[in-house]
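Here the structure comes first, spelled out in C-alpha cells, and everything after it is commentary.
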Amino acid sequence: MTPDWICGSCGDEWPCATKRRRLLDEYRVDRASLSVYLGSCLAAATQDLRAAPVGSLQDRFIGWVPRTPRTL
C-alpha cells in the first residue's frame, strides 16, 4: 500500500517475505521482467519515502532478488 509501501496483508514493509516468494514464483521464467517491475516500484517508492536512504530502498526492493549466472 502506497505511499507508505507496507504490505496490505501483514503490515510489514513491502515487499514482505511472503510477497517476495510469490513474486519469485510468478516471475520464475522471466527474471528480467521481475527486475523491471521492482525497479519501477523502487522509483515510485523513492518519491514516496524521501527520508529513507536510497541504498536501503535498493536493498529492500531489488537487493533480495537472486542473481542467476549468465550463459554465453
Side-chain angles (χ1 to χ4, degrees):
M1 294 179 2
T2 60
D4 297 323
W5 291 91
I6 58 168
C7 176
S9 297
C10 70
D12 285 346
E13 290 183 338
W14 191 95
C16 66
T18 300
K19 185 63 175 177
R20 289 176 181 190
R21 284 190 301 275
R22 288 181 181 160
L23 286 167
L24 286 173
D25 186 50
E26 181 179 343
Y27 287 93
R28 75 179 155 271
V29 296
D30 193 1
R31 197 62 58 86
S33 291
L34 174 59
S35 296
V36 170
Y37 170 65
L38 291 172
S40 67
C41 291
L42 172 61
T46 58
Q47 297 300 308
D48 292 335
L49 305 172
R50 292 180 187 267
V54 173
S56 68
L57 290 177
Q58 288 175 332
D59 290 342
R60 176 177 163 185
F61 282 84
I62 59 176
W64 59 271
V65 177
R67 290 188 171 85
T68 56
R70 292 184 181 192
T71 56
L72 297 175

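For the single chain, residues carry numbers from 1 onward in sequence order. Here the structure is a predicted model, which means the values were calculated and not measured.
- The salt bridge (charged side-chain N to carboxylate O under 4.0 Å, His left out) check on Arg28 picks up Asp25, with sequence neighbours excluded.
- Other residues sharing the hydrophobic cluster of Met1, ordered by chain and number and joined by side-chain separations under 4.5 Å: Ile6.
- With sequence neighbours left out, the side-chain hydrogen bond (donor to acceptor under 3.5 Å, both in side chains) criterion links Thr18 to Arg21.
- When the side-chain hydrogen bond (donor to acceptor under 3.5 Å, both in side chains) test is applied to Ser56, no partner is found at least two apart in sequence or on another chain.
- Annotation: salt bridge (charged side-chain N to carboxylate O under 4.0 Å, His left out) contacts involving residues 46-65, sequence neighbours excluded, comprise Glu13-Arg60.
- For the atom pair NZ (Lys19) and SG (Cys10), the distance works out to 11.5 Å, reported to the nearest 0.5 Å.
- Asp12 is linked by a side-chain hydrogen bond (donor to acceptor under 3.5 Å, both in side chains) to nothing, counting only residues two or more places apart in sequence or in another chain.
- The side chain to side chain donor-acceptor pair (under 3.5 Å) analysis of residues 32-42, with sequence neighbours excluded, yields the pairs Asp30-Ser33.
- Residues satisfying the side-chain contact (heavy atoms from CB on, under 4.5 Å) criterion with Leu34, sequence neighbours excluded, are Leu23, Leu24, Tyr27, Arg31, Leu38, Val65.
- Note on residues 47-67: pairs passing ring pair (Phe, Tyr, Trp, His ring centres under 6.0 Å), not counting sequence neighbours, are Trp5-Phe61, Trp14-Phe61.
- Taking the side-chain contact (heavy atoms from CB on, under 4.5 Å) definition, one finds that Val36 meets it with nothing, sequence neighbours left out.
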